[in-house]
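Below: one structure, written as structure tokens.
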Amino acid sequence: MKKNIPVTRSSMPPFEEYVEIIKGMWDSRWLSNRGTLHRQFECELKHYMGVPNVALFANGHVAMEVTLQALNLSGEVITTPFTHISTSHAIVRNGLIPVFCDILPEDLTIDPQKIETLINENTCAIVATHVYGYLCHVHEIEEIAKKYNLKVIYDAAHAFGESLDGIGVGNYGDAAMFSTHATKVFHTIEGGIVTYPNTTEFSAIDSITNFGFTGNDTIGYIGTNARMNEFEAAMGICNLRYVDGEIEKRKLASDRYREKLSGINGITLIKPQEGVKYNYAYFPVIFDGYKYDREQVLTILAEQGITARRYFYPAVNMAECYKGKYCLQETPIAQFYATHVLTLPLYADMTIADVDRVCDVILK
Ligand SMILES: Cc1ncc(COP(=O)(O)O)c(C=O)c1O
């Protein structure tokens, strides 16, 4: 019986090293609420990500919710339907209206030209996702945002560790949210990070994360509890020491997939983007005109104990809670990819033999 191959597997730091970092908590008894590990982790992240400011959160989803609240927006937000449902939930849960904009076939990110056609006097922001770590067309988006005075917030849940032309990805837009969930390239068990260049614009972010407290007895905002705890911060400190090596290992597996699956009729791979230092977060494959369709490949792999993922499916504007409500504009390209993409198993300690096994099942 062959072993199962999961779609993802969490990276784990050396056990003793993690225990060494958390030991101090048995004396301090300080487990959450901006403890020393939280503050240390913030400093180390700023340095690693090359950004001026970071805020830490309990998960990526609340990080996006708090970011949108901190910006005090109202009206319509142009966003992508080809993303995790979290992105549009964060918009709607802030009382904002999502306006779905179609995507580009080459990298599945939001189409800047189409953004412009959707802007009206109610538009306040663009919320775009760096899909699978493929970066949005940030310079074009920035120009549009400047022209119409819009905020730009990136869902960079997939993009930790990346840069464009040597500039850390967290420096693009008014803010960028990174998920540090257990399944991500870099994780803190559960967690989220927001990077932002302008401290005035985000002066409320820490208060909103902590129920809206602005002082011991003053509550200035209708906030939430979105705090990262000390065990999570400790995992982050520990994993940050190893993340570059983990990305290198992912690259080896990813390169092997590319070598084996390139040039096959009916199988399309997304090309690497110029100037991007990629993190090899996912390995998406588009099945269009292959001898098996996406659903059949998923089933054939599952029969062999291999888990692939329909990611993202359904497109957000086709989800039960959005259908007919917010999906007034057509997004045919997003619909197409939502029904033709599979992300294949990929994690740092995936062996080349396992990559070969996945490819052999697909190709035979
Ligand atoms: C694109 C995207 N945005 C947001 C999220 C939500 O992040 P979290 O699970 O940390 O809340 C995810 C989670 O996978 C995601 O893929």
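As a basis for the values below, the full set of heavy atoms in this structure was taken, side chains included, without hydrogen atoms, waters or symmetry mates. Whatever order the structure lists ligands and atoms in, that order sets their numbers, starting from 1.
- If you check which protein heavy atom lies closest to atom 6 (C) of ligand 1, you get S86 OG, 3.7 Å.
- Inclusion of H158 in the set of residues having an N or O under 3.5 Å from an N or O of ligand 1 is warranted.
- Across all non-hydrogen atoms, the minimal contact from E65 to N94 is O-ND2, 3.1 Å.
- Nearest protein heavy-atom neighbour of atom 15 (C) of ligand 1: H84 CB, 3.4 Å.
- Counting heavy atoms closer than 4.0 Å to ligand 1, residue M64 contributes nothing at all.
- Contact record, L346 with A253: CD1-CB, 3.6 Å, taken as the closest heavy-atom pair.
- Atoms of ligand 1 found under 4.0 Å from any heavy atom of A157 (numbered from 1 in listed order, with element): 1 (C), 2 (C), 3 (N), 4 (C), 15 (C).
- Distance from atom 3 (N) of ligand 1 to its nearest protein heavy atom, with residue and atom name: D155 OD2, 2.6 Å.
- Each of the atoms 10 (O) of ligand 1 lies under 4.0 Å from some heavy atom of G191.
- Where the criterion is an N or O separation shorter than 3.5 Å, residue side chain and backbone included, S179 meets it with respect to ligand 1.
- Atom CD of E274 has 12 or fewer neighbouring heavy atoms from other residues, nucleotides or ligands inside a 6.0 Å radius.
- Between F57 and H181, the distance from one ring center to the other does not fall under 6.0 angstrom.
- Ring geometry for F178 against F160 counts as perpendicular: the plane angle is over 60°, on a 0 to 90° scale with 30° as the lower cut.
- The side-chain tip of R294 points at the ring of Y313 from less than 6.0 angstrom away and within 45° of straight on.
- Residue G60 has at least one heavy-atom neighbour below 4.0 Å for each of these atoms of ligand 1: 7 (O), 8 (P), 10 (O), 11 (O).
- Residue Y311 touches ligand 1 through its side chain alone, judged by heavy-atom distances below 4.0 Å.
- Here the heavy atom of the protein found nearest to atom 14 (O) of ligand 1 is K184 NZ, 2.6 Å.
- For atom 11 (O) of ligand 1, the nearest non-hydrogen atom of the protein is H61 N, 2.9 Å.
- Between A90 and ligand 1 there is no heavy-atom distance shorter than 4.0 Å.
- Closest heavy-atom contact between Y290 and I264: CE1-CG2, 3.8 Å.
- When only interatomic distances are considered, the shortest N/O to N/O separation between F312 and ligand 1 does not fall below 3.5 Å.
- Taking the six-membered ring for Trp and the full ring otherwise, the centers of F287 and Y292 sit at least 6.0 Å from each other.
- For an aromatic pair to be called close, the ring centres must be under 6.0 Å apart, and Y278 with Y134 satisfies this.
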